[in-house]
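Structure first, commentary second.
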Amino acid sequence: MKYAFFPGCSLESTARSFDLSTRAVCRALGIVLEEIPDWTCCGSTPAHATNDSLAVALPVLNLQKAQAAGLPVMVACASCYARLRTANHRVCSEPEDRRSTERITGLPYDGGVEVRHVLDVLVNHLGLDAIRAKVRRPLAGLRVACYYGCLLTRPPEIVAFDNAEHPTCMDELVAAAGAEAVEWPFKTECCGASLSMTHSGVVSRLAHKLLSMAQKAGADCLVVACPLCQVNLDLRQADAAKAHGAFRPTPVLYITQLLGLALGLPLGNLGLDALTVRAEAMFAKRDAGAVGIAGGKS
Amino acid sequence: MKRGDLPGKGEHDMSDPIPWSGGGLLEEVRKRSGTEVGACFQCHKCSTGCPIGPDMDYLPSQIMRLVHLGAEKEVLDSHAIWLCASCEACTARCPMAIDIAGVMDALRIMAIDRRIVLPDSRGKQFHRSFLGSVRRHGRVYEMGMMTAYKLRTFDLFSDVDKVPQMLAQGKLSLLPNRSGDMKQLRETFRRAEEED
C-alpha cells in the first residue's frame, strides 16, 4: 500500500505533530508514504476567495507531480484535501476549467489522480480489522468526542467518503483503539477556520460552544483530523474561557496521535508535547498502569 | 454591526423596499459562481445552519435575496461576504443545490475587482498576505505572513502573546521552508492573474 503524501503548509508549522503522528502511524501499519517532491501550497481559502483560476491551478501543480510519480495521493490536512478534491472535480467536470488550468500551469492534467484523506485510507483502504490486530495498548476507559469539522465531509459530492451530517469513520477508529466514542451533536459544526487570524472573537465563541458541548457529553478529550480545528480548539481555549465562561480544559488530539498511543508507538514520534492543553493529566486520571504513558516516557 | 432587515419585512415593509434594479447582478453572480443563485426560494435553511450567522450583518439567505434584487451596493459592501468561513454547511444543505459558499467566493472576487472600499478589510488583507507568502516561498511562511498581515491592518498586538509558546512547541519557525520548484509556481501565479 503506497501513496504520494501531500503534507501541506500547516504540517510543517502549527500542525507539526499531525505530520509526525501521521507518518509514524502509517509506518506502523505498513502504509508507505512518498512525499510529493517540491510540493507547493494548495492555496487554501485565500485562493478560492480571491482568484478562481489560482484556486484550481495551485492544487493541480501538485497533482501533476503525483501523476508523474504514478501514485494516488494521501492528504492529512482537511483543507488541502478539500482543495485537491475540488480541483479534480472542476478539471473533470468543466472542460473550460481543464483548458484554463493546463494553460496556467503549462502542463497537461486530466483530473485522473486519486486523492484520499488519511481517515479514508485507514478506514476504507487498510480496514479496521488490520488496525485492531496491531493495537498493543487499548485505550480502555477513555471517552472521546470525535470532531470532524467542515471540510472532511462537505460538500458531499466532492469529498464523499463518509456521511456529511453524521460521519462515523473517526468514531470507528476510536473504538478500534479501545476507547469509547461519545455521542454528541456538534461533530460537523464549523470552528471558524481561517477566521482565527482575522476575527478571533468569532472563533472563541465557536470554540467555547464546541468544547462545552463535548464536556457535557462526558468526553475526556476531542480528536480532530484538521490543523485549523486543532489550533482553534486547543490554542484558543484560554481565550474562549475568558470571553464566554470557564470550562474544564480539554485536550484536543489529532486522531493519528490517539491511534499512535493505542499502537504503542514511542511518544517522541507522536508530538504530544506540542499540545497546549496537555494530555498527561487525562491519562494519569485513568488507570495509568493499563496504558503506561502517565510518566511521559516509553 | 446591525443585522440587516429582510427586504420587505418589518418597518421596511411597504414604505422603503429595495427596488429591483434589473437582472445584471444576478446574471453576473450566476456566471462567476457557476450556480443557479436565482433558484433560491428563501427557505433560510442556509442561515439556520450558518455557524457565523450571529456575527453577520446579512444572513446567507438575505445575501441571496439581495442578489435577486440587484442590490449590488448592499451585497458588495457587506461584512457577511468576508465573514463567511467557507464551511460549506449551506452548500451541502441547500434544497435547491445552490453552491452558496461558491456565491460568497464570487461576491468577494467581485468586491476586489470593483475596488470596493471595505468596511472591514481584515479578510481581504489576510488572503493577500497568505498568497504573497506562497508566491515568495512556494509554501506559507507563517511568521512572514503574520507580520505582513499585522502591518497591513495595524493590528500589531493581538495574539503576540502566543508566539513564544508556539516557537517553543515548534509550531512556528523563524525561517521559511521553501519549495524547490519556484519557477513553475511563479509562472502559475502570473498567468492566473492575467486570466482572472
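All values below come from the heavy atoms of this structure, side chains included, with hydrogens, waters and symmetry mates left out.
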Query raised in the report: Taking the six-membered ring for Trp, are A:His117 and A:Phe161 parallel (under 30°), tilted (30 to 60°) or perpendicular (over 60°)?
Result: parallel
Report summary line: In short, B:Phe189 meets B:Leu131 closest at the heavy-atom pair CZ-O, 3.8 Å
Report summary line: Cut-off 4.5 Å, heavy atoms of chain A, and the answer for B:Met104 is neither
Query raised in the report: Is B:Glu142 paired with B:Lys171 through a side-chain N to carboxylate O contact shorter than 4.0 Å?
Result: no
Query raised in the report: What part of B:Met145 gets closer than 4.5 Å to chain A, counting heavy atoms only: side chain, backbone, both or neither?
Result: side chain
Report summary line: Answer key: most heavy-atom pairs under 4.5 Å with chain A among B:Met110, B:His127, B:Arg32 is B:His127
**Report entry** Under 4.5 Å from any heavy atom of chain B - which part of A:Glu96
**Finding:** neither
**Report entry** Nearest non-hydrogen partners of B:Ala111 and B:Trp82, listed with the distance
**Finding:** CB-CZ2, 4.3 Å
Query raised in the report: Under the salt bridge (charged side-chain N to carboxylate O under 4.0 Å, His left out) criterion, do B:Asp55 and A:Arg205 qualify, and how do the steps go?
Result: CA-CA 10 Å; B:Asp55 305 284; A:Arg205 175 175 69 75; 2.5 Å; yes
Query raised in the report: A:Val56, A:Asp273, A:Leu235, A:Thr45: which one forms the most heavy-atom pairs within less than 4.5 Å of chain B?
Result: A:Leu235
Report summary line: Heavy-atom closest pair (A:Leu206 atom, B:Pro51 atom, distance to 0.1 Å) is CD2-O, 3.6 Å
Report summary line: If one checks every heavy atom of A:Ala47 against chain B at 4.5 Å, the contacting part turns out to be both
Query raised in the report: Heavy atoms under 4.5 Å from chain B: which residues of residues 147-155 of chain A carry them?
Result: A:Cys150, A:Leu151, A:Arg154, A:Pro155
Query raised in the report: Does a side chain donor of either B:Gln184 or A:Thr105 reach within less than 3.5 Å of an acceptor in the other side chain?
Result: no
Report task. Determine the option with the most heavy-atom pairs under 4.5 angstrom with chain A, choosing from B:Cys84, B:Cys87, B:Ala92. Result -> B:Cys87
**Report entry** B:Asp159 and A:Met197: CA distance, side-chain angles, deciding distance, side chain to side chain contact (heavy atoms under 4.5 Å, CB included) verdict
**Finding:** CA-CA 9 Å; B:Asp159 287 335; A:Met197 263 204 85; 5.8 Å; no
Query - Six-ring centre of A:Trp39, B:Arg139 cation under 6.0 angstrom, axis tolerance 45° - result: yes
Query - Side-chain ion pair, A:Asp162 and A:Lys187, N-O less than 4.0 Å - result: no
Query raised in the report: So does B:Asp105 pair up with B:Arg108, basic N to acidic O under 4.0 Å?
Result: yes
Query raised in the report: Any idea which of B:Asn177, B:Ile112, B:Val134, B:Thr91 has the most non-hydrogen atom pairs under 4.5 angstrom with chain A?
Result: B:Asn177
Query raised in the report: Which region of A:Arg103, side chain (C-beta onward) or backbone (N, CA, C, O), has a non-hydrogen atom less than 4.5 Å from a non-hydrogen atom of chain B, or is it both or neither?
Result: both
Requested in this report: May I ask you to check whether over 12 heavy atoms, not counting those of B:Arg115, lie within 6.0 Å of atom CZ?
Outcome: no
**Report entry** Close side-chain approach of A:Thr101 to A:Tyr109, heavy-atom, < 4.5 Å
**Finding:** no
Requested in this report: Answer with side chain, backbone, both or neither: which region of B:Arg190 has an atom nearer than 4.5 Å to a non-hydrogen atom of chain A?
Outcome: neither
Query raised in the report: Which region of B:Ser173, side chain (C-beta onward) or backbone (N, CA, C, O), has a non-hydrogen atom less than 4.5 Å from a non-hydrogen atom of chain A, or is it both or neither?
Result: neither
Query raised in the report: Quick one: of A:Arg236, A:Glu157, A:Glu189, who has the most non-hydrogen atom pairs under 4.5 Å with chain B?
Result: A:Arg236
Query raised in the report: Where does B:Asp181 contact chain A at under 4.5 Å (heavy atoms): side chain, backbone, both or neither?
Result: both
Query raised in the report: B:Met56 versus B:His79: any side-chain heavy-atom pair under 4.5 Å?
Result: no
Report summary line: Filtered by a 4.5 Å non-hydrogen cutoff, the part of residues 78-95 of chain A contacting chain B is none
Query raised in the report: So B:Arg152 and B:Phe126, side chain to side chain contact (heavy atoms under 4.5 Å, CB included) or not? Walk me through it.
Result: CA-CA 9 Å; B:Arg152 284 187 173 128; B:Phe126 169 71; over 6 Å; no
**Report entry** Contacting moiety of A:Lys209, where chain B heavy atoms sit under 4.5 Å
**Finding:** neither
Requested in this report: Report the C-alpha separation of B:Arg128 and B:Gln125 in whole Å, then their side-chain angles, then the decisive distance to 0.1 Å, and conclude whether the side chain to side chain donor-acceptor pair (under 3.5 Å) test is met.
Outcome: CA-CA 5 Å; B:Arg128 215 174 129 197; B:Gln125 297 301 0; 3.3 Å; yes
Query raised in the report: Taking atom types as modelled, is there a side-chain donor on B:Ser158 or B:Lys150 under 3.5 Å from an acceptor on the other?
Result: yes
Query - Pairs of heavy atoms under 4.5 Å with chain B: top-ranked of A:Thr40, A:Thr276, A:Ile104 - result: A:Ile104
Requested in this report: Specify which of A:Val60, A:Ile158, A:Leu61 makes the most heavy-atom pairs with chain B at under 4.5 Å.
Outcome: A:Leu61
Query raised in the report: Which answer fits A:Leu195, side chain, backbone, both or neither, if we ask what part of it has an atom under 4.5 Å from a heavy atom of chain B?
Result: side chain
Query - Toward chain A, the part of B:Val140 with a non-hydrogen atom under 4.5 Å - result: both
Query - Residue from B:Glu194, B:Glu193, B:Glu187 passing salt bridge (charged side-chain N to carboxylate O under 4.0 Å, His left out) with B:Arg191 - result: B:Glu187
Query raised in the report: Less than 4.5 Å apart, any side-chain heavy atom of A:Asp239 and any of B:Lys162?
Result: yes
Requested in this report: Measure B:Tyr141 against the heavy atoms of chain A and call it side chain, backbone, both or neither at under 4.5 Å.
Outcome: neither
Report summary line: When the 4.5 angstrom heavy-atom criterion is applied to A:Leu107 and chain B, the contacting part is side chain
